[in-house]
Each structure stands twice: as structure tokens, then as C-alpha cells.
S.K.: 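Take a look at the following structure, please.
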Amino acid sequence: MNFSRFIFAVYIGCINNLIAFRGLDYEIKLKFMKILVCISKTPDTTAKIAFTDNNTKFATDGVQWIINPYDEWYALVRAIELKEKDPSIILHLVTVGLADSEPIIRKALALGGDEAIRVNADSQDSFYVASQIASVAKGGGYDLIFTGRETIDYNGAAIGGMLSELLDLPYIAMATKFDLNGNAATVSREIEGGEEICELSLPLVVSCQKGVAEARIPNMRGIMAARTKPLKVVEAVPADTLTAIVRFELPPPKAGVKLVPADNPAELVRLLHEEAKVI
Amino acid sequence: MSVLIFIDQSEGHVKKASLEAMSYGAKLAELLGTSAEGLLLGSIKEDLPALGRYGVKKIHHAGNEILDHFDSQVFTRAIAQAVENTGAKVIVFPNNVDGKSIAPRLSARLKAGLVAGAIALPNISNGFVVRKNVFSGKAFADVGLATDIKIISLNPNSFPVQTGGNKAEVVAINLKLEAGRVKITAVNKVKGEIPLSEAEIVVSGGRGLKGPENWGILEDLAKALGAATACSRPVADANWRPHHEHVGQTGLAIAPNLYVAIGISGAIQHLAGVNRSKVIVVINKDPEAPFFKAADYGIVGDAFEVVPKLTQEVKKLKGIT
Ligand SMILES: Cc1cc2nc3c(=O)[nH]c(=O)nc-3n(C[C@H](O)[C@H](O)[C@H](O)COP(=O)(O)OP(=O)(O)OC[C@H]3O[C@@H](n4cnc5c(N)ncnc54)[C@H](O)[C@@H]3O)c2cc1C
Ligand SMILES: Nc1ncnc2c1ncn2[C@@H]1O[C@H](COP(=O)(O)O)[C@@H](O)[C@H]1O
């Protein structure tokens with residue numbers, strides 16, 4: 001190793017607080033910060049919600065799939081911003097899903113990130129998915145794991161918490177701000193009627209929502225670059241499922257709106273008071 | 001065999017969502033032929049035996065100082081110990097921010113099936129099946145739990161608070177706990193406002209109000225109704241209103257008894273956050289606004305004329321001058 005590379009390596013090493021000299025050959029192990037972002041696919045927000053197979057399956061015919069908005073707009077974009085500030089950060093994306101999840105994870109890679117991992121499994125229930133991600137995370141030595149607040153189809157808001165428990169890490173749910181200073185994170189989370197700000201050191205798991213970042217659109221360069229970025233497919237590890245959806249149901253249609261003339265708000269107040277009994 | 005309810009508190013005060021969780025847990029215990037017990041972590045300023053009126057027979061109280069600051073990891077360990085000590089088989093959480101932070105962790109720790117966002121009591125006629133909202137309120141899923149221990153996280157405002165029980169027996173429990181890694185450095189609460197997630201009535205404004213300077217009419221109505229205020233996403237994006245007021249698919253999902261939407265078109269992503277409201281009133285000058293299809297009552301008219309008059313009528317009803 002020549003001298004300038006040595007200096008550079010020591011410099012990087014200091015940033016990452018980890019320099020290991022092994023024996024006399026001065027081999028230097030570098031520990032770059034690694035971030036993992038969990039990406040899920042969901043039906044487009046305007047998709048028609050209907051069920052088949054005796055109301056046990058979501059009808060996917062004609063449904064457009066998108067990256068779950070919380071994962072894309074907040075978790076992924078914030079991770080990309082952190083990497084833009086510190087290019088030594090290694091950013092991986094993970095999704096648990098069958099081959100039909102590939103367009104979604106490619107789209108996520110077009111926004112940013114170095115590499116994606118797809119765990120080749122049907123996402124059966126929250127615990128099963130969390131177990132798959134935990135297995136990827138254990139092998140990858142990640143310092144920071146981002147999830148979205150919740151998936152907009154299952155609305156579990158559960159996988160981040162389960163993952164943190166499986167990895168025995170601190171977990172901040174529903175973060176509205178996230179900042180890094182070396183190994184220390186400052187995170188704001190939503191609480192009833194306000195926010196709580198806390199500090200803690202990495203590693204940790206954070207579920208992200210509005211406020212953490214501003215949405216961005218993939219550009220042509222990103223889309224081209226994503227084609228050549230590695231997408232690793234790994235097989236699922238054995239894991240339990242703890243829940244099973246027995247049946248879906250659509251809410252009964254609304255009876256129809258009762259219109260009150262604009263010049264008679266007194267009638268609306270009467271209806272709300274006497275008929276609906278809500279005021 | 002008991003049902004254990006996590007009683008979430010903030011600064012020593014029990015949250016409303018916990019009253020609902022206790023009422024739900026008490027009914028569930030009745031259904032299962034067992035008793036409902038509460039679990040309270042951290043210092044508390046309220047009269048604990050009095051919480052018995054929500055149906056809990058016993059309250060386990062761990063006053064460890066460590067529990068005065070919220071840390072999902074520490075809380076999960078604490079609750080897991082309490083579950084073991086009490087032998088509880090069903091654990092009920094309010095599905096608020098704290099519930100969402102802990103219930104999934106506890107589920108993974110105990111390998112206990114979790115229904116996050118339950119909206120009704122379980123059906124136990126054939127197994128143990130709990131209904132929850134999916135597709136952002138556009139559908140329900142009935143979720144079966146077959147694990148030995150079961151966890152239900154109850155959506156706020158989906159089960160009425162019920163009172164009538166006797167005083168609860170309070171048992172101090174001692175948990176072995178280590179401090180966690182989360183250090184809370186600040187808490188910023190919006191003063192004097194009703195938290196949106198807990199409000200029974202919400203008055204909400206959209207782009208139809210034209211600018212932040214026009215929010216006075218909406219605030220007057222909210223005040224007369226004792227309501228919290230909310231807004232559509234473009235309104236928050238334009239900084240007309242604070243971000244925490246944004247409701248919808250990507251904002252807060254709420255389920256008040258009454259939601260009054262003023263100058264909001266009713267885009268599907270907006271509806272996703274409010275369609276669980278019991279009664280929806282829409283005020284919009286466009287009779288074709290999609291929101292009318294999701295509404296129970298509506299006025300087609302100019303908000304700037306209708307809303308002040310409506311406020312006057314509400315005040316009349318309530319005897320406010
Ligand atoms: C993935 C995704 C997620 C989204 N998430 C959300 C979300 O969480 N929440 C959200 O709200 N939106 C969300 N949106 C945006 C949503 O699609 C709509 O664009 C938005 O809700 C429209 O806001 P608005 O109704 O205030 O404005 P507009 O659509 O502009 O509607 C204004 C309404 O005001 C009426 N009006 C105008 N003047 C008056 C008057 N004088 N009196 C009475 N009525 C009047 C008009 O007739 C019109 O109906 C999302 C969009 C996407 C793509
Ligand atoms: N199949 C999946 N693969 C990878 N990440 C997922 C998957 N499902 C959910 N997640 C992540 O977990 C978050 C919460 O999901 P949920 O608990 O299902 O509401 C999502 O916003 C994603 O970040």
C-alpha cells in the first residue's frame with residue numbers, strides 16, 4: 001500500500017471510528033457506515049379495492065403497483081440524503097417478495113442506493129417478513145435500518161418494531177426528523193399533540209413518516225444507473241407466521257349525502273344534533 | 001389466563017385511548033370468562049383504584065424511575081416480565097404512537113400474534129378472529145390468531161369508553177430493568193389545542209380556503225364545536241397550516257365522531273385518512289366535488305358565507321354568546 005492511500009484509509013477509518021491493524025503487514029480494515037432501507041410494494045393509492053376467492057384474496061387484476069409511499073418518500077429519500085452528505089455511506093435496499101417485486105425494487109434503486117436485496121418469498125405476515133429482513137440485517141452489519149411508517153395496504157405499522165426486537169436494537173417509530181452526527185442520531189417522533197426529540201447512538205431501527213424528507217422524482221441518470229446496480233436474490237430462511245387473514249370485507253356503501261340548502265345552516269345543526277347525535 | 005391492558009400515560013396522566021383500551025379489554029375478558037387487569041408503567045398522578053370504573057379489576061403498577069421516559073426497548077422488556085408474572089394470555093394496547101412502538105416488539109419477543117389496528121371485539125365462535133382496517137380504511141380484514149398469547153392493538157375512537165366498574169385493586173410490581181439507549185432531550189407540545197388523534201370532532205380545511213389568512217372562520221367554528229383542526233396535504237405543504245394537522249394517506253389517519261371538511265375536494269388519498277369518521281359533513285362550492293359521495297351531510301355553497309353562519313347556529317345551540 002502506498003503512503004497516500006494509507007493516509008486516505010486512516011482518514012476514512014477515523015470517520016468510521018474503526019481502524020484495525022493486523023500483524024505487521026498494516027492491513028487496514030475499514031468500517032463504512034451501512035444503511036438498510038426496507039422497501040415494500042403496494043397497490044397504487046387510487047387502485048380499486050376488491051377481493052376474489054370468496055373474499056380471501058385481494059383482486060390484483062389491473063392494479064398498478066408502486067413503492068409504498070412512506071418507504072419511498074421518507075425512508076429512502078432520507079437515506080439518500082445522508083449518503084449525499086457522506087458518500088462513504090453504503091446504502092442497501094431490501095424487499096421481501098416474489099419476482100413480481102423486482103420492478104419496484106429497481107425503481108427504488110433508480111432513486112438511489114448501491115445495491116438491492118430481494119428475499120425470494122411471499123410476504124406472508126408481519127412476523128414472517130420481519131424475520132426475513134432480520135436475517136439479511138444480521139449478515140450485513142447495518143448501523144441504521146429505515147422502514148416506512150406503515151404499508152398503505154396492510155397498515156400494520158409493525159415490521160419496524162418486530163425487526164428491532166429480533167435484532168435487539170432501539171426503535172423509534174413514526175419519526176418526523178432524523179439527523180446523524182457521526183455515530184449519534186437525533187430523532188424526533190410524533191406524540192399526541194406534538195413531538196418528542198431524542199438522542200441515541202447507532203445501531204438502531206427507525207420508522208419514517210412525513211417530515212423526515214421531501215419526496216423526489218427519479219431522474220434519467222438514476223434510472224440508467226439502476227439497471228447496472230446489483231440486485232441480489234436470496235432465499236428465505238425458515239420463519240413462523242403468527243397471524244392469518246381469514247377474510248376481507250368492503251364497508252357498506254354510504255347511504256348517500258343529505259344536502260342542506262346553503263342559506264339554512266340551522267337545519268344542518270339540527271340534523272347533527274337530533275339525527276346524527278354528534279354535537 | 002387474564003386479559004392484560006397496557007394503560008398508556010403521558011406525564012402522569014392516563015390517555016383517552018387507554019380508557020377505550022380498558023373498556024375493550026373488560027368486555028373481552030367478559031367474553032372469555034376471565035378478568036381484565038391493567039398494567040401501568042412509570043410515575044402516575046392519577047387515582048389508580050378509580051380506573052376500576054373502566055372495568056379493570058386489578059392494576060399492576062411498576063413505578064421504576066426508568067419507566068418515566070419512553071423507550072420501546074425498555075417498555076417491551078417490562079411488559080414481557082409483567083405478562084410472565086401475571087400469566088396473561090391476551091394483551092391489549094391502544095394503537096397510538098406508543099402502542100405502535102411497543103406492541104410489534106412484544107409480538108416478536110413473545111412470538112404472540114398481533115392484530116395492529118383492531119376495530120372490534122374478537123369473534124371467538126370459531127377460533128379467535130379480530131377485525132382490523134386495511135387499505136387505509138377502504139376495507140376490513142378479519143385476522144385469525146392461533147398463538148398461545150395474543151396481542152390486540154385497538155384503534156383509537158373505535159370502541160366507546162364504558163364505565164360502571166368498581167374500584168380496582170392496585171398491586172405494586174417490581175421489575176428488573178436496565179436503562180435503555182434513548183435519551184429524550186425535548187418535548188414540544190402544541191399548547192391549548194386538542195390533539196387531533198384524540199379529538200371527537202375535527203374541522204378541516206383545504207385549498208378552497210385560498211390562504212392561511214382565511215383560517216379564522218374555520219377556527220371559530222372549531223372553537224364553537226370544541227373541535228380540533230386539520231387540513232389537506234397541499235395546505236400543509238404550502239405551510240398555510242402546521243404539518244401535524246395534515247390528514248390522509250400520508251398524514252394522520254383519524255376516526256372522529258364528526259369530520260367537517262371545508263373546501264376540500266375529497267381526493268382518494270385524503271379520504272383514506274378520514275373515511276373512518278362516524279359522520280362526515282362536506283362544505284364545498286362545487287356540487288361535483290367527489291367528497292360529497294363520501295359524506296353524510298353536505299352544503300353546496302361558498303365556505304366564506306356558509307361557515308360563519310354555521311358557527312352562529314352552533315353557538316346558538318350550545319348557548320354560547
Ligand atoms: C400518493 C399520494 C398521497 C397523497 N396523500 C394525501 C394526504 O395524505 N392527504 C391529502 O389531503 N392529500 C393527499 N394527496 C393529495 C390529494 O390527491 C389531493 O391533491 C389533495 O387532497 C387536494 O387537496 P384539497 O382538497 O385541499 O385541494 P383541491 O383539490 O384543490 O380542492 C379544493 C376544493 O375546494 C373547493 N372550493 C374552492 N373554493 C371554495 C369556496 N369558496 N367555498 C367552498 N369550497 C371551495 C373546490 O371546489 C375544491 O373541491 C396525496 C396524493 C398522492 C398522489
Ligand atoms: N415485504 C416487505 N419487504 C420489505 N420491507 C417491508 C415489507 N413489508 C413491509 N416492509 C417495511 O415495513 C414497513 C411497515 O410495514 P407494515 O408493518 O406492514 O405496515 C414498510 O413501510 C416497509 O418499510
Side-chain angles (χ1 to χ4, degrees), chain A residues 45-46 49 69-70 73 126-127 130 152-162 164-166 170-174 189-201 210-211 240 242-251 254 257-260 262 265-266 268-269 271-273 276 278-279, chain B residues 72-73 76 97 100-101 104-105 107-109 111 113-114 116-117 129 133-136 138-145 147 180-190 193 195 197-198 225 243 249-251 257-258 268-269 279 292 294-301 306 309-310 313-314 317:
Chain A
T45 51
T46 57
I49 306 303
Y70 293 107
W73 299 355
S126 311
F127 184 74
I152 62 168
D153 50 1
Y154 186 65
N155 301 117
I159 281 164
M162 289 181 174
S164 64
E165 189 63 26
L166 293 170
Y171 173 52
I172 308 290
M174 301 168 80
R189 72 167 183 126
E190 178 190 317
I191 56 170
E192 284 84 6
E195 60 166 13
E196 186 179 270
I197 302 164
C198 63
E199 285 174 7
L200 68 166
S201 57
K210 188 177 165 150
D240 288 332
L242 305 178
T243 60
I245 293 182
V246 181
R247 213 168 60 96
F248 290 103
E249 196 177 305
L250 290 171
K254 281 257 176 190
V257 59
K258 245 187 211 178
L259 288 179
V260 175
L268 178 61
V269 170
L271 287 167
L272 293 177
H273 183 60
V278 287
I279 62 172
Chain B
S72 66
Q73 201 169 19
T76 302
V97 277
K100 283 180 186 167
S101 308
R105 292 198 75 131
S107 164
R109 190 177 188 93
K111 285 219 172 177
L114 162 71
V129 177
N133 281 117
V134 286
F135 295 100
S136 305
K138 283 176 259 177
F140 307 116
D142 291 334
V143 183
L145 296 181
T147 48
R181 296 217 323 251
V182 178
K183 199 177 109 215
I184 296 167
T185 53
V187 176
N188 304 327
K189 282 209 176 173
V190 192
E193 279 179 37
S197 53
E198 296 189 355
L225 286 167
H243 278 274
Q249 183 112 64
T250 43
N257 290 334
L258 174 60
I268 193 152
Q269 297 92 355
V279 173
F292 283 116
D296 299 280
Y297 301 98
I299 291 183
V300 179
V306 173
K309 280 195 229 151
L310 183 61
E313 294 301 329
V314 172
L317 173 80

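What you see is a predicted model; the values in this text were computed from it and never measured. In what follows, chains carry the letters A, B, and so on, assigned in the order in which the sequence lines appear, proteins first and then strands, with residues in each chain numbered from 1.
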S.K.: Is it the backbone or the side chain of B/Q249 that comes under 4.5 Å from a heavy atom of chain A, or both, or neither?
M.R.: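 The answer is both parts of B/Q249.
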S.K.: Select one option (side chain, backbone, both, neither) describing which atoms of B/I184 are under 4.5 Å from chain A's heavy atoms.
M.R.: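 Both backbone and side chain.
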S.K.: In terms of heavy-atom pairs under 4.5 Å, which option from A/M162, A/E249, A/E196 contacts chain B the most?
M.R.: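 Greatest number of close heavy-atom pairs with chain B: A/E249.
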S.K.: Is a donor on one side and an acceptor on the other found under 3.5 Å between the side chain of B/T147 and the backbone of B/G113?
M.R.: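 Checked: pair present.
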S.K.: Minimum heavy-atom separation for B/E313 to A/P265, with atom names?
M.R.: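 It is CG-C, 4.0 Å.
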S.K.: Would you call B/L310 and A/V269 a side-chain contact if the rule is heavy atoms closer than 4.5 Å?
M.R.: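 Side chain of B/L310 against side chain of A/V269, heavy atoms only: contact under 4.5 Å found.
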S.K.: At a heavy-atom separation under 4.5 Å, does B/V314 approach chain A through its side chain, its backbone, both, or neither?
M.R.: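 Both parts, backbone and side chain.
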S.K.: What part of A/Y70 gets closer than 4.5 Å to chain B, counting heavy atoms only: side chain, backbone, both or neither?
M.R.: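 Side chain of A/Y70 only, per the 4.5 Å heavy-atom cut-off to chain B.
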S.K.: Heavy-atom distance under 4.5 Å to chain A: side chain of B/Q73, backbone, both or neither?
M.R.: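 Only the side chain of B/Q73 comes within 4.5 Å of chain A.
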S.K.: A/G211, A/S201, A/P69: which one forms the most heavy-atom pairs within less than 4.5 Å of chain B?
M.R.: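 Top option by heavy-atom pairs under 4.5 Å: A/S201.
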S.K.: Supply the atom-to-atom distance B/K138 NZ to B/N133 CG, rounded to the nearest 0.5 angstrom.
M.R.: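 Reported value, rounded in 0.5 Å steps: 12.0 Å.
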S.K.: Taking all non-hydrogen atoms of both residues, which atom of B/V134 and which atom of B/F140 are closest, and how far apart?
M.R.: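 Shortest heavy-atom separation between B/V134 and B/F140 comes out as CG2-C, 3.7 Å.
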S.K.: Give a yes or no on whether the backbone of A/E195 and the side-chain of B/N188 come within a donor-acceptor separation of less than 3.5 Å.
M.R.: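 No: the side chain of B/N188 does not pair with the backbone of A/E195.
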S.K.: Name the region of A/Y171, side chain, backbone, both or neither, that has any atom closer than 4.5 Å to a heavy atom of chain B.
M.R.: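 Looking at A/Y171, backbone and side chain both touch chain B.
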S.K.: Sort B/L317 into side chain, backbone, both or neither according to what part of it lies under 4.5 angstrom from a heavy atom of chain A.
M.R.: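 Answer is side chain: those atoms of B/L317 sit under 4.5 Å from chain A.
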S.K.: Which atom pair, heavy atoms only, marks the closest approach of B/K189 to A/E192?
M.R.: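 Here B/K189 and A/E192 meet closest at CE-O, 3.8 Å.
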S.K.: Is A/M174 in contact with chain B via its backbone, its side chain, both, or neither, using a 4.5 Å heavy-atom distance?
M.R.: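 Contact with chain B: side chain only.
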S.K.: In terms of heavy-atom pairs under 4.5 Å, which option from A/L200, A/L250, A/T243 contacts chain B the most?
M.R.: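 Heavy-atom pair counts peak at A/T243.
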S.K.: Which heavy atom of B/I268 sits nearest to which heavy atom of A/T45, and what is that distance?
M.R.: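 Minimum heavy-atom separation between B/I268 and A/T45: CG2-O, 3.8 Å.
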S.K.: Do you know which of B/G144, B/A116, B/P195, B/G301 has the most heavy-atom pairs under 4.5 Å to chain A?
M.R.: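 When all of B/G144, B/A116, B/P195, B/G301 are compared, B/G144 has the most.
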S.K.: Please name the pair of heavy atoms, one in A/L272 and one in B/Y297, separated by the smallest distance, quoted to 0.1 Å.
M.R.: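 Closest approach of A/L272 to B/Y297: CD2-CD1, 3.8 Å.
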S.K.: Pick one of side chain, backbone, both or neither for A/A276, based on which atoms fall under 4.5 Å of a heavy atom in chain B.
M.R.: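 A/A276 touches chain B through backbone and side-chain heavy atoms alike.
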S.K.: Out of B/G251, B/G117, B/S197, return the one with the most heavy atom pairs under 4.5 angstrom to chain A.
M.R.: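 The residue among B/G251, B/G117, B/S197 with the greatest pair count is B/G251.
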S.K.: I need the residue from B/L114, B/V300, B/T250 with the largest number of non-hydrogen atom pairs under 4.5 Å to chain A.
M.R.: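 The answer is B/T250.
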S.K.: With a 4.5 angstrom heavy-atom cut-off, is it the side chain or the backbone of A/I245 that approaches chain B, or both, or neither?
M.R.: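 Both the backbone and the side chain of A/I245 come within 4.5 Å of chain B.
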S.K.: Heavy-atom pairs under 4.5 Å with chain A - which of B/E198, B/K111, B/K100 has more of them than the others?
M.R.: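 Max contact count across the listed options: B/K111.
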S.K.: Given a strict heavy-atom distance threshold of 4.5 Å, which part of B/V279 is in contact with chain A: side chain, backbone, both, or neither?
M.R.: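 Just the side chain, heavy atoms under 4.5 Å.
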S.K.: What part of A/I172 is in contact with chain B, defined as an atom under 4.5 angstrom from a non-hydrogen atom: side chain, backbone, both or neither?
M.R.: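 It is the side chain, since no backbone atom gets that close.
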S.K.: Give, as side chain, backbone, both or neither, the part of A/D153 having an atom under 4.5 angstrom from any heavy atom of chain B.
M.R.: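 Backbone plus side chain of A/D153, per the 4.5 Å heavy-atom cut-off to chain B.
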S.K.: Among B/P104, B/S101, B/A139, which residue has the highest count of heavy-atom pairs closer than 4.5 Å to chain A?
M.R.: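 It is B/P104.
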S.K.: Which one of A/I279, A/I159, A/I49, A/I191 has the most heavy-atom pairs closer than 4.5 Å to chain B?
M.R.: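 The residue among A/I279, A/I159, A/I49, A/I191 with the greatest pair count is A/I49.
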S.K.: In terms of heavy-atom contacts, does NZ of B/K183 have more than 12 from other residues, nucleotides or ligands at under 6.0 Å?
M.R.: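 No - once you tally the heavy atoms of other residues, nucleotides and ligands closer than 6.0 Å, there are 12 at most.
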S.K.: Nearest heavy-atom pair of A/V260 and A/L268: which atoms, and what distance?
M.R.: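 A/V260 and A/L268 have their closest heavy atoms at CG1-N, 3.9 Å.
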S.K.: Could you tell me which portion of A/P251 (side chain, backbone, both or neither) has an atom closer than 4.5 angstrom to a non-hydrogen atom of chain B?
M.R.: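 Its backbone and side chain both get close to chain B.
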S.K.: Can you list the steps and then say if B/R105 with A/S164 is a side chain to side chain contact (heavy atoms under 4.5 Å, CB included)?
M.R.: CA-CA 7 Å; B/R105 292 198 75 131; A/S164 64; 3.3 Å; yes
S.K.: Heavy-atom pairs under 4.5 Å with chain B - which of A/A173, A/A262, A/G156, A/G193 has more of them than the others?
M.R.: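 If we count pairs closer than 4.5 Å to chain B, A/G193 comes out on top.
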S.K.: Given that the side chain runs from C-beta out, which part of B/S107 has a heavy atom under 4.5 Å from chain A: side chain, backbone, both or neither?
M.R.: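 For B/S107, backbone and side chain are both near chain A.
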